[in-house]
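First comes the structure, then the notes that go with it.
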Amino acid sequence: TLITKNISCYFMMDTNLPKDDLTGTIKFIPPLYKQRYQFIKDLVIKYKPKKVADLGCADCTLLWMLKFCKCIEVLAGLDIRENVMKERMHRLSPLPADYLQPSERSLTVTLHHGSVAHKDPCMLGFDLVTCIELIEHLGAAELEKFPEVVFGFMAPAMVVISTPNSEFNPLLPGVTLFRHSDHKFEWDRAQFQNASTRYDYTVEFTGLGTPPPGSEDVGFCTQIGMFVRKYPKNGEAVNSEKHTEHAYKTVSISLYPSLKEEKYLQNAVVSEVIFGADIIKRRLLGDFKSECKEHSDDLETKLKFQPFKYYMRYSKNLSLAETEKPAADSMEPFIDGNTVYIPLAKIFSIPKVNQLCGTFEKLSKLIAGKVALSNDGSAVIVTIKYENEEQEN
Amino acid sequence: MRFGMMKEHRSVTGEVTAFDGSILYLPIKLPQTVDLTCQRKTDGAEITIKLQMTKILEPSSDLCIPFYNVVFRRVMRILDLKLVGRNFYDPTSPTMLQQYRLQIWSGYSASIRRTDGGLFLLVDVSHKVIRNDSVLDIMHAIYQQSRENFQDECTKQLIGNIVITRYNNHTYRIDDIDWNKTPKDSFTMSDGKEITFIDYYSKNYGITVRELDQPLLIHRPNERQTPQGKLQRSEILLLPELSYMTGIPEKMKKDFRAMKDLTHQVNLSPKQHHASLGNLLHRIEENEAARKEMARWGLCLDKDVYKTQGHVLPMERINLRTSSFQTSEDLNWTKEITRDAAISTIPMHYWALFYPKRAVNQARELVSMLEKVSGPIGMQLNQPAWVELKDDRIETYARTIKSILGTEGKMQMVVCIITGTRDDLYGAIKKLCCVQSPVPSQVINARTITTQPNKLRSVAQKILLQINCKLGGELWGMDIPLKQLMVIGMDVYHDPSRGMRSVVGFIASTNHTLTKWYSRVVFQMPHQEIADSLKLCLVGALQKFYEVNHCLPVKIAVYRDGVSDSQLNTVVSYEIPQLQQCFQAFENYQPKMVVFVVQKKINTNLYSASTEHFVSPAPGTVIDHTVTSRDWVDFYLLSHHVQQGCGIPTRYICVLNTANLSPDHMQRLTFKLCHVYWNWPGTIRVPAPCKYAHKLAFLAGQFLHHEPAIQLCERLFFL
């Protein structure tokens with residue numbers, strides 16, 4: 001069986017009440033719906049799927065939680081009730097701050113309006129499909145088609161289905177027939193396990209919400225089936241049937257900014273290059289200043305008015321107090337007049353730049369036209385501004 | 001529960017509803033009463049719902065406006081514009097200012113308002129400056145630069161700034177820094193559980209906090225009343241690593257070149273501005289979902305901005321000592337005031353010039369130029385006492401100035417030449433000369449003398465005119481038709497680093513030509529926007545007026561800056577009665593009053609359509625209908641000459657008018673007052689008393705941290 005380590009399932013009992021009134025006081029902490037979402041989130045953290053779909057995503061809470069999982073690149077939600085989905089779907093769109101430091105991964109969140117009884121090619125190729133408290137809302141006709149759509153057509157690497165365990169119902173207050181008026185059925189454990197499929201999946205059953213002492217035999221309040229596809233999918237298995245026409249309506253698509261997009265990568269690289277160049281420039285000038293001070297105080301006054309000629313004389317034998325390995329001369333920055341030249345090779349050795357670009361060619365390509373370069377394009381140039389040149393009233 | 005039940009009856013109410021728990025707003029009319037039933041989910045009990053129609057709201061009813069704005073916010077969201085603070089931005093195509101490590105997002109501020117002319121969508125182009133670095137990055141940079149004063153420096157640079165966080169869509173003001181806490185500390189969640197910051201961010205947002213020893217930022221939301229009527233004070237702790245700074249960095253504000261780059265990005269010509277608004281209207285029109293969202297509540301937008309007729313006030317006459325002249329189109333009279341004598345000048349017999357040794361040349365050049373320009377201005381100028389300082393340390397300045405003032409009792413003016421922009425030195429000199437040993441003072445940056453030798457003449461002219469004001473001289477005036485009038489200006493300065501303590505600047509005219517001013521400063525407790533100790537100020541001003549004129553003013557015009565729409569009522573019900581109480585201090589005295597609230601941070605833009613393309617309107621342009629408020633008498637006046645960007649008028653709201661001034665008189669008087677700010681030979685955006693009050697409050701709040709000495713109250717020492 002499956003061990004769900006990270007999930008704490010408690011129940012609380014008011015001990016003052018007589019035993020047979022126990023049913024009125026069952027309460028799960030955290031609430032069961034949160035536990036179900038956390039269960040999925042923990043699974044995602046464990047198995048690191050890239051493409052995840054939530055069928056019956058309702059108000060998109062689970063999708064919202066999953067969007068923070070760094071492994072996911074594609075998230076999709078499907079629901080039959082468009083309005084419910086729309087009401088809070090803005091939670092799924094990127095935050096302003098996501099644009100400030102775009103992440104490494106790309107992420108697309110798509111919402112579809114449609115029924116799980118229909119096949120749509122947009123649901124192909126997923127690693128994980130979740131159906132949290134979904135099946136009990138399906139009518140007989142839809143329920144009949146459901147296995148074929150999910151296991152036969154979508155055929156993701158893993159499917160997780162949760163549904164109420166009707167054996168637990170007597171312990172719940174006020175539940176007469178079903179837990180919710182829209183439930184078409186609620187299964188006991190045997191019914192759920194028997195209904196679980198003949199497709200090429202292995203299945204394990206678990207659940208959430210342990211029963212109170214003395215009623216252990218009713219099982220979990222929520223029963224969960226975890227289906228893992230037996231054979232890794234091979235490309236040819238995509239049969240002709242899968243080129244079905246689109247049955248769902250796309251409600252929204254949110255594209256998250258990512259360094260995979262050239263625009264954002266370029267911004268990030270240019271920002272690092274200019275920042276790095278500025279540090280190198282300052283270190284270069286700072287070195288001079290300290291050297292100058294050692295020579296004589298008089299020089300300082302000269303410096304005030306014609307600083308750069310003086311620097312020039314020193315620029316030849318300048319060494320950067322850096323940990324980098326002594327490289328070829330072409331890597332050393334130098335000053336000429338009012339301009340600091342920093343060879344691209346030097347720029348490329350800045351760890352962040354290196355990591356973002358990967359190759360030297362990529363660096364050259366990304367900064368072309370965005371960063372001031374020397375005539376031959378081999379060095380970044382930074383003009384030294386007279387400090388304190390600003391105007392005042 | 002109630003909300004859920006109402007939702008179940010969408011078949012009756014329709015899809016479009018707004019429900020606050022007890023009142024249901026619908027765009028359609030239901031029968032007088034409707035009875036519905038529901039099953040309560042918790043226990044299955046049958047619940048009856050009775051809907052009773054209470055009122056049909058007019059489309060422009062005040063109650064509807066908030067809904068319209070909720071709807072419009074949804075529309076902006078549909079257009080993929082992100083709400084940051086109160087405005088909407090497009091972060092997908094920022095303008096990068098890489099060398100300053102910041103980016104500019106362009107967007108809109110937009111809200112639906114009801115005005116005299118009906119419902120309007122008020123839109124302005126807005127730009128958000130956001131730093132590329134997290135607050136933690138900035139702290140690291142500060143640490144690199146000043147290890148010794150690290151905490152002080154952080155406090156100085158960070159507090160008062162607005163941050164946006166990485167994990168949600170909120171903005172927070174940094175009110176403090178908690179150096180004793182780290183992300184390893186815990187806080188109590190809403191369900192009562194304790195959790196460390198590290199775990200919280202990891203669990204909820206999948207964010208791994210990298211630096212475990214960073215301090216935490218504190219945000220204190222404005223005090224809120226709980227339903228029980230208790231004042232609730234809370235603190236929100238934020239991680240520097242997960243917060244980004246917004247706004248222009250202080251350092252950059254002082255960098256002339258950088259600011260030029262920035263204004264170039266941000267300032268739009270009227271034509272560009274109009275195109276940008278047009279673009280928004282077009283996007284809404286083109287987007288089906290957006291249009292539908294509006295239509296659900298029966299809203300639709302015009303295709304273009306609203307066009308209406310305004311009027312331009314007549315040009316004014318400026319009076320000097322022996323001459324007067326009509327202002328020219330560009331409303332600038334630099335030439336005139338440097339050629340002819342000012343109304344009154346104070347001979348400067350005894351003054352001292354303090355300069356560090358290395359600025360000796362600049363000191364000589366300055367004095368010789370001052371002598372040259374003093375003749376035409378009509379000001380007598382003797383040689384100063386030359387005081388050369390051995391270095392430019394604050395201590396050296398302070399000690400020397402003190403000793404000179406101590407030995408030389410007749411000193412009229414202290415002039416200091418300093419090298420570089422040094423707020424600390426400036427503050428020390430001002431504190432000494434405005435509080436401890438009161439004497440007018442002038443601080444001059446050596447650079448303004450050296451960098452542009454060809455401009456030295458105009459620099460010297462400016463300095464001398466300013467010195468004349470500080471000595472009590474008068475530069476220029478206007479004809480003021482209202483007799484026995486006192487004009488008062490008030491503004492408030494909020495000190496972000498000192499627990500938001502605020503400083504009120506108060507200034508009142510004491511003569512008929514409005515060329516003599518009496519000023520006071522009042523310090524106030526946090527978040528106390530509305531001036532409290534006004535009585536003291538006004539009584540003092542009235543006494544001074546009596547001294548000068550041997551009578552009290554018959555009419556008092558107050559220009560009050562720094563009040564938002566929501567505070568208008570406080571001004572009316574609290575501040576004005578305070579002022580009026582002062583009159584009892586004088587026998588049988590009941591002057592007539594007119595009080596204006598002056599708002600310059602508004603989103604209303606005016607274009608002039610008198611030419612082929614939209615251009616900035618001429619100075620003196622007034623709009624006093626259609627876009628004005630239904631509840632107050634107000635008008636929009638564009639008084640300054642627009643050199644860059646769009647014409648943003650200043651809004652004047654008349655909240656009291658026992659003087660029975662006609663709108664025309666209000667506008668003329670206000671426009672006249674925009675001509676007499678002596679630091680600028682032209683018109684400015686607000687009446688001079690407002691600008692003076694602002695300058696005064698700023699000096700006291702930013703540098704003096706103390707009330708200036710009473711001996712200076714009759715001079716414009718704060719210019």
Side-chain angles (χ1 to χ4, degrees), chain A residues 29-31 38 41 44-45 65-72 83-84 86-87 89-91 93-101 173-176 179-181 252 254-255 257 263-264 266-268 270-275 277-279 301 304 370-371 382 385-393, chain B residues 7 10 15 39-45 74 77-78 80 82-84 89 91-94 96 98-99 101 103 105 128 130-134 164-169 171 191 193 203-208 242-244 254-259 358 419-421 444-445 447-448 451-452 462 679:
Chain A
I29 300 173
Q38 191 60 43
K41 198 171 170 181
V44 166
I45 289 166
M65 284 173 73
L66 294 182
K67 83 167 193 170
F68 295 105
C69 296
K70 296 270 185 298
C71 57
I72 297 179
N83 282 332
V84 176
K86 271 185 165 176
E87 225 155 80
M89 71 178 182
H90 61 267
R91 288 192 292 175
S93 53
L95 294 167
D98 286 327
Y99 294 89
L100 287 175
Q101 284 183 358
V175 173
T176 43
R179 295 182 195 174
H180 188 276
S181 57
S252 86
S254 306
L255 282 170
K263 176 170 98 174
Y264 295 110
Q266 183 171 46
N267 277 343
V270 170
S271 168
E272 287 309 326
V273 168
I274 288 176
F275 186 57
D278 194 55
I279 289 177
T301 19
K304 273 257 139 22
K370 294 276 174 184
V371 178
V382 186
K385 285 182 223 161
Y386 285 86
E387 253 174 59
N388 299 329
E389 210 192 290
E390 71 258 33
Q391 286 261 314
E392 239 199 37
N393 277 328
Chain B
K7 255 183 213 165
R10 287 240 161 120
E15 287 292 328
Q39 202 178 35
R40 185 152 67 202
K41 277 179 200 156
T42 44
D43 57 3
R74 274 192 221 136
R77 202 148 60 202
I78 291 169
D80 245 341
K82 307 281 172 199
L83 185 69
V84 181
Y89 298 95
T92 60
S93 40
M96 309 295 289
Q98 296 282 18
Q99 54 277 48
R101 293 189 74 70
Q103 43 186 292
W105 294 353
K128 190 108 208 147
I130 301 195
R131 316 265 295 261
N132 288 352
D133 302 297
S134 72
I164 63 172
T165 48
R166 223 174 93 183
Y167 44 87
N168 63 16
N169 199 7
T171 51
D191 64 2
K193 264 204 219 155
K203 239 182 165 168
N204 284 288
Y205 303 109
I207 295 171
T208 315
L242 306 179
S243 311
Y244 294 93
K254 290 184 188 151
D255 184 343
F256 177 67
R257 199 192 307 251
M259 289 310 283
R358 57 178 166 149
T419 50
T421 315
I444 300 161
N445 191 327
R447 223 180 317 118
T448 52
T451 40
Q452 293 152 312
K462 254 189 167 170
N679 242 4

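Side-chain atoms are counted along with the backbone in the values below, which use heavy atoms only and exclude waters and symmetry mates. So you know, we letter chains A, B, ... as the sequences are listed, proteins then strands, and number each from 1.
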Check whether A/P257 gets within reach of chain B through its side chain, its backbone, both or neither, counting any heavy atom under 4.5 Å.
neither
Quick check for you: among A/K370, A/K263, A/R91, which has the greatest number of heavy-atom pairs under 4.5 Å with chain B?
A/K263
So, the part of A/N267 with a heavy atom under 4.5 Å from chain B: the answer is both
Which bit of A/K67 comes within less than 4.5 Å of chain B, counting heavy atoms only: side chain, backbone, both or neither?
neither
Give the intermediate values and the outcome of side-chain contact (heavy atoms from CB on, under 4.5 Å) for residues A/Y99 and B/T92.
CA-CA 7 Å; A/Y99 294 89; B/T92 60; 3.5 Å; yes
What part of B/R131 is in contact with chain A, defined as an atom under 4.5 angstrom from a non-hydrogen atom: side chain, backbone, both or neither?
backbone
Minimum heavy-atom separation for A/K41 to B/K203, with atom names?
NZ-O, 2.6 Å
Heavy-atom distance under 4.5 Å to chain A: side chain of B/N168, backbone, both or neither?
backbone
To the nearest 0.5 Å, how far apart are CZ in B/R77 and CE in A/M89?
8.5 Å
Report which part of A/L100 has an atom under 4.5 Å of a heavy atom belonging to chain B: side chain, backbone, both, or neither.
both
Could you have a look at B/V84, B/N204, B/L83 and say which one has the most heavy-atom pairs with chain A under 4.5 angstrom?
B/N204
Closest approach of A/F275 and B/R101, non-hydrogen atoms and distance?
CB-NH1, 2.9 Å
B/R166 meets the side-chain hydrogen bond (donor to acceptor under 3.5 Å, both in side chains) criterion, sequence neighbours left out, with none
Tell me, do B/W105 and A/P96 make a side-chain contact under 4.5 Å, heavy atoms counted?
yes
Could you look at B/I444 and say if it's the side chain, the backbone, both or neither that has a heavy atom under 4.5 Å from chain A?
neither
Can you tell which of A/I274, A/D278, A/N83 has the highest number of heavy-atom pairs within less than 4.5 Å of chain B?
A/I274
Quick check: does any side chain N or O of B/K82 sit under 3.5 Å from a backbone N or O of A/P94, one acting as donor and the other as acceptor?
yes
How close do B/T165 and A/A97 get, heavy atom to heavy atom, and via which atoms?
O-CB, 3.3 Å
Which distance, rounded to the nearest 0.5 Å, do you find between the OG of A/S93 and the CD1 of B/I78?
11.5 Å
If you count heavy-atom pairs under 4.5 Å with chain B, which of A/S252, A/S271, A/A277, A/C69 comes out on top?
A/S271
Minimum heavy-atom separation for A/K70 to B/G206, with atom names?
NZ-O, 3.3 Å
With only heavy atoms counted, which part of B/Y205 is less than 4.5 Å from chain A, the side chain, the backbone, both or neither?
both
